[in-house]
Number of protein chains: 4
Amino acid sequence: MTDRSVKNIMSPRTKEQLEVIKTTKSQRIAEAALSLFASQGYEVTSISQIAREAGVSKGLIYNYFESKEHILKDIVSKVFESVWERLGLSQIDSLDDTAYRAFIVKSLDIVLDDLDHFRLYFAVFTQPMVISLLMDEIMAKSAPYLEMLQNYYTEKGYDDPALQMRYVGAVLDGIQMHIMLDPENFPVDGVKKLLVEQFT
Amino acid sequence: MTDRSVKNIMSPRTKEQLEVIKTTKSQRIAEAALSLFASQGYEVTSISQIAREAGVSKGLIYNYFESKEHILKDIVSKVFESVWERLGLSQIDSLDDTAYRAFIVKSLDIVLDDLDHFRLYFAVFTQPMVISLLMDEIMAKSAPYLEMLQNYYTEKGYDDPALQMRYVGAVLDGIQMHIMLDPENFPVDGVKKLLVEQFT
Amino acid sequence: MTDRSVKNIMSPRTKEQLEVIKTTKSQRIAEAALSLFASQGYEVTSISQIAREAGVSKGLIYNYFESKEHILKDIVSKVFESVWERLGLSQIDSLDDTAYRAFIVKSLDIVLDDLDHFRLYFAVFTQPMVISLLMDEIMAKSAPYLEMLQNYYTEKGYDDPALQMRYVGAVLDGIQMHIMLDPENFPVDGVKKLLVEQFT
Amino acid sequence: MTDRSVKNIMSPRTKEQLEVIKTTKSQRIAEAALSLFASQGYEVTSISQIAREAGVSKGLIYNYFESKEHILKDIVSKVFESVWERLGLSQIDSLDDTAYRAFIVKSLDIVLDDLDHFRLYFAVFTQPMVISLLMDEIMAKSAPYLEMLQNYYTEKGYDDPALQMRYVGAVLDGIQMHIMLDPENFPVDGVKKLLVEQFT
DNA sequence: TATGAATGAGATTTCATTCAT
DNA sequence: GATGAATGAAATCTCATTCAT
C-alpha cells in the first residue's frame, strides 16, 4: 500500500526478490549452524536449535538444505575456501620468499580472527563421521595450494620437498590447534617468531 | 556379601574374587567403548553397540558405569595416563638430553602403536562437549610432565622456557594428528629426523 | 516374594520366559496394527496409534519390528498363509471334485469370517506402494496352490487349464471383494449357488 | 483468444476466456494428480509433486481445489462418470441383447485402455479412507445404470434379477482387477470368450 | 491469476536409562 | 551379578496449507 507500482499489486515476487530472500535466509541459517556446530559439536546440535538461533521455523531449514548433513557439508566447504583465500594463496600462482613468510604468519593470525571456523576445521579432522563425509571434497579443494607449497620447496633446493611440505603442514596445524584450544593464553607472537626463524 | 545361598556354600567368593570379575567385565566394556568411540565418535556410538561389542547386556554396563558420559571420562582418563607413561616421562623425575630425544622420537612412534588411543586423544581436544567435560582432569594429569619439560628448557638456557615448551608441544601434537589422519602414507621417519635436527 | 524358588531371586528371566514375552507382545502389536491397517489404511495409521491400541510404548514397537513397513510385511505374510490354510489347500496335495467344490464355497465363507484380513488382502492388491513391496513374496507363497488348481483343470480335460484357472481366480476375487465391501447385504448364499452351478 | 495485444488494453479478458484458462489449468492439475494417485497412491503423493508434474505452483492448486482431499473427490467423480460413459450405458435407456453383450466385452477392454483410471477405481474400493469419503456419491452416480441392468435381467426372466446383477457385477470387477494387476499377461481375449459363453 | 517462502503439526525412529526378574 | 523388555523424551524430516507479494 506504500509506493508499489500499480502493476505489481498482487503479483508474485520477481526472480530477483526471490533470489535475495533465498541467499539471505540460507546465510542466516548457515551462520547459526556454524556457530552452534563450532561451540557444541555437530551431533549435539539439533535442527530445532539451529532454527531458533536463526529465527526461522524448523520446516524452512529444509527448504534451503536437504538435510542436517548437507548443512554441515555446505559450511565446511565454505570454511575451507575461506581459509585458503585468507591465507593469500588463492590469489597467486606461485610463492616467493615474501609470500611464503606471509603465509606462515597469516596461518596463525587467522585462527584468532575466526575461532569458530577453526573449531569446525579441526572437528572435521577428528570426528570420524565427518571426516569420511568430507575428506574427498577437502582434498580436492586443497590440492592446488599444496602443490604450490611443494613447488616452493623444490625451488629452494630441499632434498625432499614433499616431506618438507608435510612437515610444515603438520607443524602449522599443531600450532593452530593449540591457539584454538587456548586463544587467551597461547603465546602467538612468540611462536610466530620462532616459526619464522626456523622455517624461512 | 556373606553367605550366598546353596550353590556358593562351599566357596563363597572373596571380595578379591569379586573384584577380579568386575575388573574383567568392566575392562571389556571399556575396551569395546574405546574402540567404537575412536572409530565412530562418541555421540554416534550407542550403549547397545558397546554392549554387543563387549558381549554383555545393556543393563550390566550400568552396574559398572554411571552413564555413557562416565564411560568416556574413564576411558579418556586412562588414555591420558597411558600416553604419558608410554612416553617414558612417568618413570623419571627430570629430563636429560638422552631422555628428551627419546621423548621426541617416542611421541611419534606411539601414535602408530595405538591409533585408537590417538583418535580419542584428538577427538577430546576438538569435540566441544568432551573438552569442557574433561579439560580440568587432563590438565591436572599432564601438569607434572609439562613442568618437567619446562625445567629441561630452563636448564638448557632457553630465553623463554615456557614459550619453548608450548611451541614444541604444539608441533608434536600437529605431527601426531597428521600421522593419525594418514598413518599409511605419512613420512614418519623423515619427519622424525627433521624434528631431532631442529629440536635437540 | 510369593512362591519363587530361592535361587531365582534377582536372576535374569529364562530364555523361555523371554520367548513368551516376545511372542505375546509382538502378537499384540501385530493384531493392533492389522485392525488399524484394515480399517483405516496403512499410510494413515501411525505408529503412535498402533502403540496406543496395543497398550505399549512407541519405542517398544521397534524392539519387535524393524520399521512400520516391516509390520505390514509381517502381517500380510501371515494373512496370506492363513487364507490358503483356511481354504483347505495347504493340507492336501491334489484336488478332487469334492475338495474343489469345498474350495469354491469356502472362498466366500472366509471373507465374512475375517473381514479385516480381506480388507488387507485387497488393499495389498490395489495400493501401489504395498504391491511393489510384497508382490514377490505373495506370488512365491501362492504358487503351489495355483499349480494344484491348474492340475485339477488339466485332469478335468479343459482346453486351456491355465486360462480357466485365471478366470476362476478373477471371478472369486471379484466376489470376495464385493462381500468385503458390503458384508451385510451381499447375497452370499445366492451367489454361492450360482457359482457352484457354473464352475463345478 | 483473438488479438491479445500489449498487456490486454485492447481486449481485457472476458469471463469466458478466464473460464477457459481456469479449465485448462485445473485440468492439468487434475490430470497430474490422477496419474500420480494411480501410480503411487493418494497418501503418498504430495501437493508439491502434483504442482511439479502439472507445471504450476503449489499455491495455484489451492485456487482451484479446496484441499488435497477435494482433488481426489473431483477426480474420482470424473473417473466414475467416464467409466459408465465408455461402457455405452449413459447413452441409452434400456439394454437389449446386443447392447448387453457389448457391455460385457467393453467392460474388459476399457481397463487396458486406461489403466490409471482403473487403478484409482479399485483403490477407491479398498482404501478405507477414500471409500467412506466417496461411497455415497459413487452409489448415486451408478444407480441408474445398475437399475438398467436389473431391468434387463428381469426381462430375460431371471428368478432373482437383483442377485444376478450383483453376481455379474462382482465377476466383472474381479476380472477387471486382474487385468489391472497384470495387464501384460492376463488372457483378456480368452476370458472374454468364456464370459460371453456363460453370461449371455 | 500466480508464486513459492514460510509455518507448525505430526510422523517415524533412536536411544540412554530403568527395573522386574 | 546379569539380563533385556520397556519407556519416554527428543531427533530428523515431511507436508498440507497460508499468505505476502
Side-chain angles (χ1 to χ4, degrees), chain A residues 1 4 8-15 17-18 21-22 25-26 43-51 56-69 71, chain B residues 4 13 18 21-22 25-26 43-51 56-69 71, chain C residues 1 4 8-15 17-18 21-22 25-26 43-51 56-69 71, chain D residues 13 18 21-22 25 43-51 56-69 71:
Chain A
M1 229 20 99
R4 264 190 279 108
N8 272 339
I9 287 179
M10 291 300 102
S11 63
R13 277 174 274 233
T14 64
K15 289 228 164 125
Q17 285 173 313
L18 291 175
I21 291 173
K22 244 182 179 161
K25 275 290 163 71
S26 80
E43 319 279 358
V44 132
T45 300
S46 74
I47 293 287
S48 298
Q49 251 183 312
I50 298 173
V56 301
S57 68
K58 261 185 298 184
L60 189 63
I61 293 182
Y62 290 89
N63 277 17
Y64 294 110
F65 299 91
E66 237 175 88
S67 68
K68 194 184 164 187
E69 211 173 285
I71 305 178
Chain B
R4 292 245 241 91
R13 292 182 212 169
L18 283 173
I21 290 168
K22 198 165 175 175
K25 290 257 179 161
S26 84
E43 318 282 357
V44 131
T45 299
S46 73
I47 293 286
S48 298
Q49 246 183 316
I50 298 173
V56 303
S57 71
K58 262 190 297 188
L60 191 62
I61 292 182
Y62 288 86
N63 280 10
Y64 296 112
F65 299 90
E66 226 175 281
S67 69
K68 193 182 165 189
E69 217 172 277
I71 305 178
Chain C
M1 235 12 102
R4 263 186 281 107
N8 270 340
I9 285 179
M10 291 299 103
S11 64
R13 277 175 275 232
T14 63
K15 289 228 164 124
Q17 286 174 313
L18 290 174
I21 291 174
K22 244 181 179 161
K25 273 292 162 71
S26 83
E43 319 279 359
V44 132
T45 299
S46 74
I47 294 286
S48 298
Q49 250 182 313
I50 298 173
V56 301
S57 69
K58 261 185 297 182
L60 189 63
I61 292 183
Y62 289 88
N63 278 15
Y64 294 110
F65 299 90
E66 237 176 88
S67 67
K68 194 183 162 186
E69 212 173 284
I71 305 178
Chain D
R13 293 181 211 171
L18 283 173
I21 289 168
K22 197 163 174 173
K25 290 256 178 160
E43 317 283 355
V44 130
T45 299
S46 73
I47 293 285
S48 298
Q49 244 184 317
I50 299 174
V56 302
S57 71
K58 264 190 295 188
L60 191 62
I61 292 182
Y62 287 86
N63 281 8
Y64 296 112
F65 300 89
E66 226 175 282
S67 69
K68 193 183 165 188
E69 216 173 278
I71 305 178

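Atoms considered below: every heavy atom in the structure, side chains included; atoms not considered: hydrogens, waters and symmetry mates. Order of the sequence lines fixes the chain letters, A, B, ..., with proteins taken first and strands second; residue numbering starts at 1 for each chain. Not measured: the values here are computed from a predicted model.
Qualifying side-chain hydrogen bond (donor to acceptor under 3.5 Å, both in side chains) partners for B:Ser67, counting only residues two or more places apart in sequence or in other chains: B:His70. Not counting sequence neighbours, the partners of A:Thr45 by the side-chain hydrogen bond (donor to acceptor under 3.5 Å, both in side chains) test are A:Gln40. C:Leu18 meets the side-chain contact (heavy atoms from CB on, under 4.5 Å) test with C:Arg13; sequence neighbours excluded. Partners of C:Gln17 under the side-chain hydrogen bond (donor to acceptor under 3.5 Å, both in side chains) rule, at least two apart in sequence or in another chain, are C:Thr14.
C:Ile21 comes within 4.0 angstrom of sugar-phosphate atoms only, judged by non-hydrogen atoms across all strands, and of no base. Among the protein residues, A:Leu18 comes within range of the sugar-phosphate backbone only, with heavy atoms under 4.0 Å from sugar or phosphate atoms but none that close to a base. Counting non-hydrogen atoms under 4.0 angstrom, D:Phe65 reaches nothing in the nucleic acid.
Listed nucleotides F:dA6, F:dT21, E:dA6 differ in distance to A:Leu60; the shortest reach to its side chain belongs to E:dA6.
In this structure, the separation between CD1 on B:Ile50 and CD1 on B:Ile71 is 4.5 Å, given to the nearest 0.5 Å. Separation of atoms CD1 (C:Ile47) and NZ (C:Lys58) is listed at 9.5 Å; rounding is to 0.5 Å. Note that NZ of C:Lys68 is 6.0 Å distant from CD of C:Glu43, once rounded to the nearest 0.5 Å.
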Nucleotides 9-14 of chain F: protein proximity per nucleotide (B base, S sugar-phosphate only, - neither; heavy atom, under 4.0 Å): -BSSBB
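At least one side-chain nitrogen or oxygen of A:Lys25 sits closer than 4.0 Å to the OP1 or OP2 atom of E:dA6.
Minimum interatomic distance between B:Ser57 and B:Ala51 (heavy atoms only, all atoms of both residues): C-CB, 3.9 Å.
Comparing C:Asn63 and A:Tyr64 against DNA chain E, the residue whose closest nucleotide sits nearer the 5' end is A:Tyr64.
Between the P atom of F:dA6 and the CD atom of C:Gln17 lies a distance of 13 Å, rounded to the nearest Å. For D:Gln49 and F:dC15, the CD to P distance is 8 Å, given to the nearest whole Å. As a whole-Å value, the separation of B:Ile61 CD1 from F:dG1 C1' is 14 Å.
Stem analysis of DNA chain E (Watson-Crick or G-U pairs, both distances under 3.5 Å, runs of at least three) returns E:2-21 with F:2-21.
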